[in-house]
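One structure is given here, and the rest of the page talks about it.
Residue numbering restarts at 1 for every chain, and letters A, B, ... go by the order of the sequence lines.
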Amino acid sequence: MSKSMDDITSLAKRRGFVFQDSDIYGGQQGFWDYGPLGTLLKRNVRDAWWRDAVSEHNELIAPAGAPEAFQMVGVETAIIMHPRVWKSSGHYDLFHDFMADCKGCKARFRTDQVAVCAAVTAGGEVAAAEAFMPTDETPNLSKTKQKRLDKKTGEGGEVIRTDLQAFTKRFPDAPLPNCPTCGGDLTEPREFNLMFKTTLGALGGEDDAAFLRPETAQGMFVNYKNVLDSSRVKLPFGICQVGKSFRNEITPRNFTFRSREFEQMEIEFFCRPDASDQWYQYWRDRRFRWYTDHGISESNLILREHHQEELAHYSVGTADIEYKFPFLAEGEYGELEGVAHRGDFDLRSHSEGKLVNRDGKLEVELGEDGKPKHPGSGKSLDYFDAETKEKFVPHVIEPSAGADRATLAFLCEAYEVDEAPDEKGKMQSRTVLRFHPKIAPVKAAVFPLVKKDGMPEKAAEIYGALKRAGLEVAYDQQGAVGRRYRRQDEIGTPVCVTVDGETLENGTVTVRDRDTLEQSRIPANEVTAFVQDKIG
RNA sequence: GCGGGUGUAGCUCAGCUGGUAGAGCGUCAGCUUCCCAAGCUGAAUGUCGCCGGUUCGAAUCCGGUCACCCGCUCCA
């Protein structure tokens with residue numbers, strides 16, 4: 001059955017799951033607000049993750065499939081970090097591009113990816129420049145172009161090869177080359193900052209620029225030593241965090257899938273380098289299972305190992321957990337979580353400085369002056385193994401999940417239109433969210449079958465008892481009971497409890513199952529236990 | 001960013017060639033109802049996305065803008 005994203009979006013708004021951000025002002029692209037039910041749903045997703053990663057983890061026993069027992073601790077770090085964090089981590093360089101648009105063909109180019117050949121005269125003036133597509137590392141000029149440039153270079157001049165970014169930096173006043181594809185005019189290179197810039201201090205100027213974090217991970221790396229020194233953890237252990245991150249996505253689209261403000265659920269798992277491959281496999285499989293354990297069908301989920309050429313330059317292996325979102329084309333999947341084997345890249349970066357891959361080895365990137373381009377903290381982030389007396393930089397496995405994406409996937413997965421009989425036994429279509437009870441925003445609804453004969457009072461009692469047990473419950477006495485069941489189906493409430501005439505005689509109520517529509521009678525005083533058991 | 005489409009009540013949508021807005025569902029109140037939406041009665045709700053222009057008059061025409069959808073581009 002194919003699900004319509006429009007229908008899901010419409011339900012999300014109609015029942016208060018997700019609203020467009022700043023809706024009454026016309027909306028903000030790339031930002032979304034969660035309504036009452038969406039807030040409960042997302043909180044359940046976060047809680048389920050946190051319980052799995054932190055609270056329910058038993059560090060005394062190795063879980064099935066794990067190489068050994070391990071510890072898990074949580075942190076909550078600031079959204080704004082020292083600007084040097086992003087320079088060392090590589091985000092500053094990577095997220096910070098200069099782009100030029102072609103006024104003719106409307107193509108947009110990253111200026112560091114456009115090759116330029118320029119004729120420079122003996123006096124250091126640019127006489128002419130030609131731009132090339134980034135495909136060739138060393139562009140070969142056509143003979144005519146070569147001649148043209150040679151001619152303009154003049155006595156004592158030379159033809160230099162560079163890229164557009166370096167070119168404009170070195171010759172700020174030189175005329176720009178034309179578009180490498182169509183020959184049209186290019187705009188001046190404009191700064192594209194994929195990180196959100198902000199300013200510290202009320203009088204802050206450019207020197208006080210800071211960034212909203214584009215990922216929560218760096219908060220964990222930067223606190224790795226603090227955690228080690230303060231919480232008696234030993235390798236292997238994980239640091240977990242749930243929090244907001246911000247990226248200036250160029251094309252926010254597909255409902256909440258690609259938002260500019262989003263929430264991450266990340267684990268940075270530190271281990272011995274010689275065991276890191278095993279841990280990578282362990283986390284990859286365990287995180288995949290978390291989604292299926294919470295109601296995502298295995299047929300809609302894939303674990304996709306990145307190809308070698310797809311890997312970031314420091315990564316030994318990365319696998320995406322991807323979901324078959326309804327807004328994607330047949331056969332396409334959208335990323336929910338990336339599980340990356342990051343080696344010692346992050347800790348070394350924050351110790352030594354920004355690293356680059358040179359012939360397969362990570363080295364500190366040097367600036368033009370021969371010093372580290374973006375120096376690290378200078379603090380040793382080595383781990384001392386007291387048993388083996390070894391000192392080393394741990395390797396990191398990073399399962400990085402999107403809370404909003406997971407929430408969206410659970411919503412899409414749960415959405416279904418099926419058929420249920422009406423009072424005459426005729427089949428009618430029914431909209432139902434088949435949430436796993438653990439993440440369903442409302443766990444149970446309580447109805448008086450009719451609003452008289454003391455039924456509302458009895459129902460209110462049961463409702464109160466469920467609330468006191470800390471459960472999210474709904475009460476509804478409006479209209480026909482069948483309609484009330486449908487209302488709850490539409491928001492995915494797993495259990496409906498109905499007080500009827502028999503309740504007043506023998507103290508039993510009916511409990512009705514969202515998925516099977518089956519009813520059974522249980523004593524009213526067992527309702528709370530019944531619902532809790534259902535949630536598991 | 002480009003091209004195309006859309007934007008009217010909470011939701012889905014109708015409003016033809018300009019004359020100051022409607023349906024269904026939902027919601028709310030009441031009745032009915034001892035178990036699965038479309039029984040009955042009644043009610044509320046729209047600056048027709050926003051700004052500007054043309055016109056005596058614009059939801060309807062024009063321009064701009066914002067948002068959403070589709071395709072391309074991008075996705076660290």
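For A:Arg247 and B:C75, a side-chain-to-base donor-acceptor distance below 3.5 Å is absent, hydrogens and geometry of angles not being considered.
Residues satisfying the side chain to side chain donor-acceptor pair (under 3.5 Å) criterion with A:Thr516, sequence neighbours excluded, are A:Asp513. Residues satisfying the side chain to side chain donor-acceptor pair (under 3.5 Å) criterion with A:Gln20, sequence neighbours excluded, are absent altogether. For A:Arg358, the side-chain contact (heavy atoms from CB on, under 4.5 Å) partners are A:Val356, A:Glu363, not counting sequence neighbours. Residues that satisfy the side chain to side chain donor-acceptor pair (under 3.5 Å) test with A:His436, not counting sequence neighbours, are absent from this structure. Taking the side-chain contact (heavy atoms from CB on, under 4.5 Å) definition, one finds that A:Glu332 meets it with A:Leu328, A:Ala329, sequence neighbours left out. Remark: A:Asn506 engages A:Glu502, A:Thr508 in a side chain to side chain donor-acceptor pair (under 3.5 Å) (not counting sequence neighbours).
A sub-4.0 Å separation between OP1 or OP2 of B:A67 and a side-chain N or O of A:Gln28 is absent. For the OP1/OP2 pair of B:C68 and a distance below 4.0 Å, the side-chain nitrogens and oxygens of A:Gln20 include at least one atom meeting the criterion.
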inquiry  = If a pair means Watson-Crick or G-U wobble with both distances below 3.5 Å, what does RNA chain B look like in dot-bracket form, with | marking bases paired to a different strand?
reply    = (((((((..((((.....[..)))).(((((.......))))).....(((((..]....))))))))))))....
For nucleotides 3-12 of chain B, which of its nitrogen or oxygen atoms have a protein nitrogen or oxygen under 3.5 Å away, and what is each distance?
| residue | atom | partner | partner atom | Å |
| --- | --- | --- | --- | --- |
| B:C11 | OP1 | A:Lys13 | NZ | 2.7 |
| B:C11 | O3' | A:Ser10 | OG | 3.1 |
| B:C11 | O2' | A:Ser10 | OG | 3.2 |

Restricting to nitrogen or oxygen on both sides, can you table the protein-nucleotides 29-31 of chain B pairs closer than 3.5 Å?
| residue | atom | partner | partner atom | Å |
| --- | --- | --- | --- | --- |
| B:A29 | OP2 | A:Gln478 | NE2 | 2.3 |

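Residues of residues 481-491 of chain A that place a heavy atom closer than 4.0 Å to RNA chain B, in numerical order, are A:Val481, A:Gly482, A:Arg483, A:Tyr485, A:Arg486, A:Arg487. Contact check of residues 516-532 of chain A against RNA chain B (heavy atom, cut-off under 4.0 Å) returns A:Leu517, A:Gln519.
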Considering only distance and modelled atom types, tabulate donor-acceptor pairs under 3.5 Å from the side chains of residues 23-30 of chain A, sequence neighbours left out.
none

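Side-chain proximity of A:Asp500 to B:C70, B:A67, B:C34: nearest is B:C34.
Atoms CG (A:Leu449) and C1' (B:U32) sit 13 Å apart, rounded to a whole Å. The distance between atom CZ of A:Phe447 and atom P of B:C35, rounded to the nearest whole Å, is 15 Å.
A:Ser429 comes within 4.0 angstrom of a nucleotide base, judged by non-hydrogen atoms across all strands.
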